[in-house]
Amino acid sequence: MRIATYNINSVRLRIERVLDLLKNSNIDVLCLQETKAENSKFPESRFIDNGYEYCAFNGEKSYNGVAIISRVPLTNINIQEFVNTHARHISTDLPDGTSIHNFYIPAGGDEPDRDINPKFAHKLDYVDSMTEYFKSNHDENSKLIIVGDFNIAPYEHDVWSHKQLLKVVSHTPIEVEKLNSLKESINWIDVAREYIPESEKLYSWWSYRNKDWRKSNRGRRLDHIWVTNPLKPKLSKFEILSDLRNGEKPSDHVPVIIELQE
DNA sequence: ATGGTTGGGGTCCAA
């Protein structure tokens, strides 16, 4: 079973790119963020026509939006609201009973101060609300996967310069602390760092504002896949498709993939 | 210290 997460920054603009990913990387379940399409405009038929019969989506006009695209049946599709009504979450069960939660955590604006920046306050409250949700509704012995654009790069080597980003939203100590509490809620395992040591630079996002993303390589690891302990022995592969930052009209994020043995 | 780019929808907001 191959599961991917990808912040696509408009599913309609990049539908061909997404279909290529599904085909070329043999994906079973794809979780998208920033679809930027209300549900009536979600290109569901394009996925169905390409062998992905099961689509669950939660969108809104212009902003946010998440979706799960699958070639295996999805059951118990559920949408939770955290803090407000933004379309930032969707979850489903897979045939083997594993539940998967797909999140688009708020970016948080520019100023890392909750008293003067409501977007930053929203981000911190959002992560707190996720922590409460998992603590009260789930436990570490269930088969659970959480994926998405978390908009937080927790470790020193999850950003290109720890020192220069300490006061930049996505890598501030308060955000990292909130993310750590979420991680501890039901003892989540950060799959990326099971495969690639914390001492190694690892990114999933590069800003559009750098002329040559590869040359400047000012990246951040904002996209995550975490699993609970019962799934740990089933993990068989981890990939970040950095090459997809290239080509015509790329997203600023790249796909992150895990493989689980059946 | 500043500005750099992109997408959606509509002449600006969010990332």
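Below, chains carry the letters A, B, ... as their sequence lines are ordered, and counting in each starts from 1.
- The phosphate of B:dG10 has OP1 or OP2 within less than 4.0 Å of a side-chain N or O from A:Lys61.
- Checking side-chain atoms of A:Asn50 against main-chain N and O of A:Arg46 turns up a donor-acceptor pair under 3.5 Å.
- Counting any heavy atom pair closer than 4.0 Å across all strands shown, A:Lys119 reaches sugar-phosphate atoms only and no base atom.
- The side chain of A:Arg12 places an N or O atom within less than 4.0 Å of a non-bridging phosphate oxygen (OP1 or OP2) of B:dG9.
- Residue A:Lys249 has a polar side-chain atom (N or O) positioned under 4.0 Å from OP1 or OP2 of B:dG7.
- At the phosphate of B:dG7, OP1 or OP2 sits under 4.0 Å from a side-chain N or O atom of A:Arg14.
- In this model, a donor atom of one side chain and an acceptor atom of the other lie less than 3.5 Å apart for A:Tyr133 and A:His138.
- Between B:dA1 and B:dC12, the two C1' atoms lie 25 Å apart (nearest whole Å).
- At the heavy-atom level, A:Arg220 lies nowhere under 4.0 Å from the strands shown.
- Here A:Arg218 lies out of heavy-atom contact (under 4.0 Å) with every strand.
- Spacing between B:dA14 and B:dG9 at atom P, rounded to whole Å, works out to 15 Å.
- Atom NZ of A:Lys167 has 12 or fewer neighbouring heavy atoms from other residues, nucleotides or ligands inside a 6.0 Å radius.
- For the ring pair (Phe, Tyr, Trp, His ring centres under 6.0 Å) with A:His224, the qualifying choice from A:Phe150, A:Phe238, A:Phe103 is A:Phe150, the only one to do so.
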